[in-house]
Amino acid sequence: MSQAEIPKIFDPKAVEARIYEEWERSGAFEADPEPNKEPYCIVLPPPNVTGALHMGHALNGAIQDTLIRRARMKGYKALWLPGVDHASIALQNVVERKLLREEGKTRWDLGREEFVERCRVFAQEVRSRILGQLKRLGASVDWRRLRYTMDEEYVDSVLTAFIDLHELGLVYRGNRITNWCPRDRSAISDLEVNYEEVDGRLYGVRYPFADGRGPGPDGNPYAEVNTTRPETVLGDVALVVSPDDERYEELVGRKVTVPFVKREIEVLADSYVDPEFGTGVLKVTPAHDPNDFEIGKRRALPAVNVLNHDGTINQNGGPFTGMTREEARTALVARLDEEGLLGEVREYRHRVGHCDRCGAVIEPWLSEQWWVSMKELAEPAIEALRTGEVTVYPDSWQRETIRWLENLQDWNVSRQLWWGHRIPVWYGPGGEVVAAKESPGVEWEQEEDILDTWFSSGLWPFATLGWPEETEDLLYFYPTSLLSTAREIMYLWVARMIMMGLRFRGEVPFEKVNVHSIVLAENGTKMSKSKGNTIDPIDLFDEYGTDAVRFGLLYQSSTQDFSYSYERAALGRGFVTKLWNMARFVLSYPMEVTDGAAEASVSDRWILSSFNETAREYDRTLEECEFSEAMRLVYDFAWHELADWYVEICKVAPSKETPRILREVLDGTLRLLHPVMPFVTEEMNRIVGGEGMLVRSSFPQFDPALEDAEAARTLERTRLAVSAVRSFRAESRVEGELVGRAPKGVDLTVFSALAGVRPAEQLDGWFTATLPAGDAVVEVALSEELRRKEIERLRKEISRIEGELGRAEGKLSNEKFVERAPEAVVTAEREKLNRNAGLLETLRTRLEEYL
RNA sequence: GGGCGAUUAGCUCAGCGGGAGAGCGCUGCCUUCACACGGCAGAGGUCGCUGGUUCGAACCCAGCAUCGCCCACCA
């Protein structure tokens with residue numbers, strides 16, 4: 001193909017789909033165990049089958065694809081294992097909302113079987129959309145191994161894990177306070193509760209004395225407490241005061257009556273109470289508050305439950321039975337007021353828990369649930385993080401995760417939902433309880449509850465590889481190499497995978513964890529559907545091209561969260577165009593040059609050396625998950641060294657080796673970039689006639705033989721000299737060829753060609769401009785009329801250099817500096833001083849000559 | 001209430017002990033045969049504030065301010 005036939009701008013739409021297909025067809029993504037190769041494995045954090053992929057997925061996908069392609073090119077047997085998650089509560093919520101919206105029905109109208117079927121169908125549709133999006137991203141996953149948490153084999157892994165933990169006694173059933181979502185009618189875990197500040201009220205409630213004795217210490221015939229949830233009064237079983245509270249000494253042991261339900265309860269002393277808060281008297285409602293539950297346990301108090309599972313008041317609620325909790329609150333407060341039992345009511349800002357999935361206010365509620373005790377599981381995980389068996393990037397998250405594991409509460413894993421893995425526990429006719437995959441007999445009934453979705457996710461790195469079977473895949477690819485994830489699921493997911501991996505495989509599930517940035521909206525807030533500020537990555541792919549978006553994302557991805565800016569995609573697109581046109585140039589470049597030197601020129605040696613150095617640093621930064629730094633390195637090399645300088649040098653001062661080296665360096669650059677920008681590099685490789693496909697090529701390795709510090713120094717001096725002349729031309733508006741003298745140590749051919757300066761041995765008798773270039777000076781001959789301008793310019797330069805000289809002198813005359821600073825620093829400062837002194841001398845002499 | 005992080009050019013962000021950087025935007029020149037999604041040359045910053053450590057601080061320490069995120073059972 002010739003240059004003229006290739007468009008000036010790469011058209012991603014025209015080739016992306018075709019190239020992806022070619023990759024797939026070639027089997028390049030397929031990875032099977034191969035004993036004489038090192039394994040490298042990443043399991044894709046399975047997207048929820050609830051919606052579409054978002055920017056976070058795009059970023060994480062780009063990160064993982066970059067790492068897996070690099071590993072593949074480096075000769076590892078690299079498996080990126082794809083999958084999707086059934087997302088129990090999230091998906092159930094989506095389907096329930098849809099059901100209500102479209103048919104006006106609830107899940108109970110449909111019944112369990114029918115509802116689960118709806119979920120299954122919905123998940124199927126979403127799943128195919130998500131997988132299509134992964135392909136658009138260019139994800140080089142092994143599609144043959146696609147896993148789904150509801151696959152038969154995966155379900156078996158989940159049941160096996162649960163039964164195993166049950167047998168170990170690490171799973172137990174207990175009646176405890178849980179976070180109850182009355183809308184979902186299910187318990188949820190602590191991590192699924194969002195606490196939000198809301199403006200509420202703090203109500204005073206008066207409990208009349210029931211023992212017939214006189215009024216209390218404050219002269220009132222009642223004891224007053226403060227509560228934000230007055231409806232829970234109905235479930236009160238005691239009042240408590242601080243044992244140190246002198247105001248209430250006499251109160252302890254007396255009886256009061258709970259309004260409306262007329263229960264007589266005792267006033268107790270308990271150190272939990274803070275005498276400073278409110279009236280200093282606390283009501284105890286063990287069924288509806290975790291602290292009260294603890295007090296109740298300590299004092300052997302009964303727990304009176306006043307709520308139904310849908311949040312209405314149950315039969316224990318006296319006159320309020322059947323009302324919703326909101327209605328009950330209003331009605332109860334009104335009745336208290338009527339009966340003179342309402343104390344002070346004031347505005348009160350406090351935190352209220354909301355369901356992470358549906359937003360309903362959470363009720364702490366006493367219920368029978370399945371729990372996993374965490375202490376035993378957490379300990380080895382803490383140890384693995386401490387010893388660095390798992391390394392987390394950035395390392396601040398290593399400590400955070402340890403801290404969290406150290407303070408772990410038991411995990412409520414049962415959910416009163418329908419979409420998910422039903423708990424494999426069977427209740428026998430004689431009250432027997434057995435954990436098993438199959439029903440033990442006809443009379444036995446299976447537990448209605450399902451498992452928390454994160455229980456199955458916790459098994460992801462090994463369940464996807466075939467566990468509990470000792471498959472070849474599992475033995476070869478486990479532990480996986482790296483897990484890349486967003487920080488919001490570090491606890492929900494990552495920490496639990498570590499615990500589960502250690503429990504079931506005796507080894508950590510991954511060696512490295514990369515905690516990536518969160519992609520924020522342009523104004524720095526979180527993207528969310530409700531705010532309407534989300535960006536669809538697919539739209540970006542359409543507009544800028546996938547490679548451009550991927551590059552832009554990685555360029556912004558450091559340890560900080562970042563606001564997404566379209567500029568980054570534009571930056572990536574610009575880079576793609578630049579590379580594309582370099583390839584067009586190379587195509588047009590002759591295969592042979594006739595008039596150059598036979599051996600590689602200093603420029604040739606420089607670009608090889610610089611490429612080599614870039615390859616090394618690029619590889620290192622990717623290894624350390626410093627993506628932003630890696631992108632910067634390769635961008636700067638490709639654009640500001642290869643394109644800006646070497647390509648220009650190739651045009652004007654080639655050697656006979658230049659055609660080969662130009663092609664070699666372009667090829668190497670494409671291979672460096674292929675992991676990040678797979679499509680355009682693959683296409684470029686094709687048009688420049690590279691062998692095979694880049695996806696199967698090798699990653700450039702650092703080669704010490706190519707290092708050439710002298711060539712690098714020469715080019716550095718040459719570039720400075722050229723820039724000095726260009727700068728002078730722009731400022732003084734001088735065009736055309738100049739006659740001049742270059743400083744020592746520059747490549748004269750390159751200098752004269754790029755600066756447009758014809759070299760002269762000596763310029764005596766000419767009027768010249770004296771241009772500082774680094775530590776040297778370029779002189780160019782000028783016409784007489786520029787004399788005044790040159791005098792001005794010289795004065796400016798002189799004062800600039802005087803300033804620098806002064807600074808160096810100041811430092812060196814400071815005895816402490818000379819004494820305490822490292823010798824290299826002092827030496828550098830001396831050299832700087834000498835250099836500037838020489839420069840100044842030259843400039844001053846010139847100035848005097850011209851005055 | 002605890003913990004973590006951020007504050008650097010108009011904007012988005014790098015740099016994290018030895019003379020302030022990138023991209024975008026801005027200014028001037030260049031439609032030169034790879035690229036105007038371009039080239040060359042520029043302008044633009046007391047590196048949040050106040051102290052401290054150091055020969056030397058954007059960088060380390062302390063405090064403050066502002067913003068953000070996690071964690072926590074105070075009614």
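Order of the sequence lines fixes the chain letters, A, B, ..., with proteins taken first and strands second; residue numbering starts at 1 for each chain.
Cation-pi check for A:Arg176 over A:Trp365 is not met; the charged atom does not lie both under 6.0 angstrom from the ring centroid and within 45 degrees of its normal. The cationic atom of A:Arg686 (NZ for Lys, CZ for Arg) does not lie both less than 6.0 Å from the six-membered ring centre of A:Trp580 and within 45° of the ring axis. Both tests hold for A:Lys651 against A:Phe585: distance to the six-membered ring centre under 6.0 Å, angle to the ring axis within 45°.
In terms of phosphate contacts, A:Ser558 brings no side-chain nitrogen or oxygen within less than 4.0 Å of OP1 or OP2 of B:rC13. The phosphate of B:rG18 has neither OP1 nor OP2 within less than 4.0 Å of any side-chain N or O from A:Lys832. For A:Ser565, no side-chain nitrogen or oxygen approaches OP1 or OP2 of B:rC11 to under 4.0 Å. Residue A:Lys651 has a polar side-chain atom (N or O) positioned under 4.0 Å from OP1 or OP2 of B:rA34. Phosphate proximity of B:rC40 to A:His640: absent, as no side-chain N or O sits under 4.0 Å from OP1 or OP2. For B:rC13, neither phosphate oxygen OP1 nor OP2 lies less than 4.0 angstrom from any side-chain nitrogen or oxygen of A:Ser628. Between A:Lys8 and B:rC35 there is a side-chain N or O to OP1 or OP2 distance below 4.0 Å.
Residue A:Thr577 places its side chain closer to B:rC35 than to any other of B:rG19, B:rA41, B:rC35. Of the candidates B:rC73, B:rA6, B:rA34, B:rA6 carries the atom nearest the A:Gln560 side chain, counting heavy atoms from C-beta on.
Between A:Val256 and A:Tyr222 the shortest side-chain heavy-atom distance does not fall below 4.5 Å. Using a 4.5 Å heavy-atom threshold, the side chains of A:Pro259 and A:Val233 count as touching. Contact annotation: the side chain of A:Asp190 approaches that of A:Asn179 to within less than 4.5 Å [non-hydrogen atoms, C-beta and beyond]. Residues A:Leu553 and A:Val549 are in side-chain contact: their nearest non-hydrogen atoms beyond the backbone lie under 4.5 Å apart. Taking 4.5 Å as the limit, some side-chain heavy atom of A:Ile649 sits within range of a side-chain heavy atom of A:Leu754. Taking the side chain as every heavy atom from C-beta outward, A:Glu231 and A:Val306 never approach each other to under 4.5 Å.
If you check every strand for non-hydrogen atoms under 4.0 Å, A:Val225 touches nothing. Note on A:Trp639: only backbone sugar-phosphate atoms sit closer than 4.0 angstrom, heavy atoms only; bases stay farther off. When heavy atoms are screened at a 4.0 angstrom cut-off, A:Arg573 is found touching base atoms of the nucleic acid. Nucleic acid contact for A:Arg403: sugar-phosphate only, since backbone atoms but no base atoms lie under 4.0 Å from a heavy atom of the residue. Within 4.0 Å (heavy atoms only), A:Tyr589 reaches no atom of the nucleic acid at all. Contacts of A:Glu804 with the nucleic acid, taken as non-hydrogen atoms under 4.0 Å apart, include base atoms. Within 4.0 Å (heavy atoms only), A:Arg807 reaches at least one base atom of the nucleic acid. Residue A:Val647 is in base contact, counting any heavy-atom pair closer than 4.0 Å across all strands shown. Nucleic acid contact for A:Asp644: sugar-phosphate only, since backbone atoms but no base atoms lie under 4.0 Å from a heavy atom of the residue. Contact annotation for A:Ala643: base contact, defined as any heavy-atom pair under 4.0 Å involving a base atom. Within the 4.0 angstrom heavy-atom criterion, only backbone atoms of the sugar-phosphate kind lie near A:Tyr555; the bases stay farther away. Within 4.0 Å (heavy atoms only), A:Ser396 reaches no atom of the nucleic acid at all. Note on A:Asp274: a base of the nucleic acid sits closer than 4.0 angstrom, heavy atoms only. Residue contacts for A:Pro822: at a heavy-atom cut-off of 4.0 Å it reaches a base atom on one of the strands shown.
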Distances under 3.5 Å between nitrogen or oxygen atoms of protein and nucleotides 27-30 of chain B:
residue : atom : partner  : partner atom : Å
B:rG28  : O2'  : A:Arg733 : NH1          : 3.4
B:rG28  : O2'  : A:Arg733 : NH2          : 3.3

message: Show, in sequence, the C-alpha distance, side-chain angles and deciding distance for A:Tyr618 and A:Met631, and conclude whether the side chain to side chain contact (heavy atoms under 4.5 Å, CB included) test is met.
response: CA-CA 8 Å; A:Tyr618 179 69; A:Met631 295 310 108; 4.1 Å; yes
message: What verdict does the salt bridge (Lys or Arg N to Asp or Glu O under 4.0 Å) test give for A:Arg793 and A:Glu731, after you've listed the backbone C-alpha separation in whole Å, the side-chain angles of each residue and the deciding distance to 0.1 Å?
response: CA-CA 10 Å; A:Arg793 216 186 50 80; A:Glu731 276 168 34; 5.5 Å; no
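Atoms CD (A:Glu815) and P (B:rU54) sit 18 Å apart, rounded to a whole Å. Per the geometry, CH2 belonging to A:Trp365 stands 21 Å off P belonging to B:rC73, to the nearest Å. When the P atom of B:rG38 is taken as reference, atom CD1 of A:Ile9 falls 9 Å away, rounded to whole Å. Atom OH in A:Tyr566 sits roughly 21 Å away from atom P in B:rC37 (whole-Å rounding). Atom pair A:Arg399:CZ and B:rG3:C1' shows a separation of 11 Å (rounding to whole Å applied). Rounded to whole Å, atom P of B:rC67 lies 20 Å from atom CD1 of A:Ile518. Look at CG on A:Asn194: it is 14 Å from C1' on B:rA72, rounded to the nearest Å. Distance, A:Arg487 CZ to B:rC4 C1': 10 Å, rounded to whole Å.
A distance of about 13 Å separates the C1' atoms of B:rA20 and B:rC16, rounded to the whole Å. Using P as the reference atom, B:rU32 and B:rG45 are 35 Å apart when rounded to the nearest Å. Annotation: B:rG63 and B:rA9 have their P atoms spaced 26 Å apart (nearest Å). Spacing of P atoms, B:rA58 relative to B:rC49, comes out at 11 Å, to the nearest Å. Comparing B:rG15 with B:rC74, their P atoms sit 37 Å apart, to the nearest whole Å. Comparing the C1' positions of B:rU7 and B:rC13 gives a spacing of 12 Å, expressed to the nearest Å. For the P atoms, the distance linking B:rG44 with B:rU50 amounts to 24 Å, nearest Å. Nucleotides B:rC26 and B:rC37, compared at atom P, are 13 Å apart to the nearest Å.
Panel note: side chain A:Asp775, backbone A:Arg835; no donor-acceptor pair is recorded below 3.5 Å. A:Gln398 places a side-chain N or O within donor-acceptor distance of the main-chain N or O of A:Leu385, the cut-off being under 3.5 Å.
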task: Both distances under 3.5 Å, Watson-Crick or G-U wobble: on that basis, could you give the dot-bracket string for RNA chain B, with [ ] for crossing pairs and | for other-strand partners?
output: ((((((((.[[[[.)..(..]]]].(((((.......))))).....[[[[[..)....]]]]])))))))....
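Ring-plane geometry between A:Tyr635 and A:Tyr555 is classed as perpendicular, the angle between the planes exceeding 60 degrees on a 0 to 90 degree scale with a lower cut at 30.
At a non-hydrogen distance threshold of 4.0 Å, A:Tyr348, A:Arg351 from residues 345-352 of chain A come into contact with RNA chain B.
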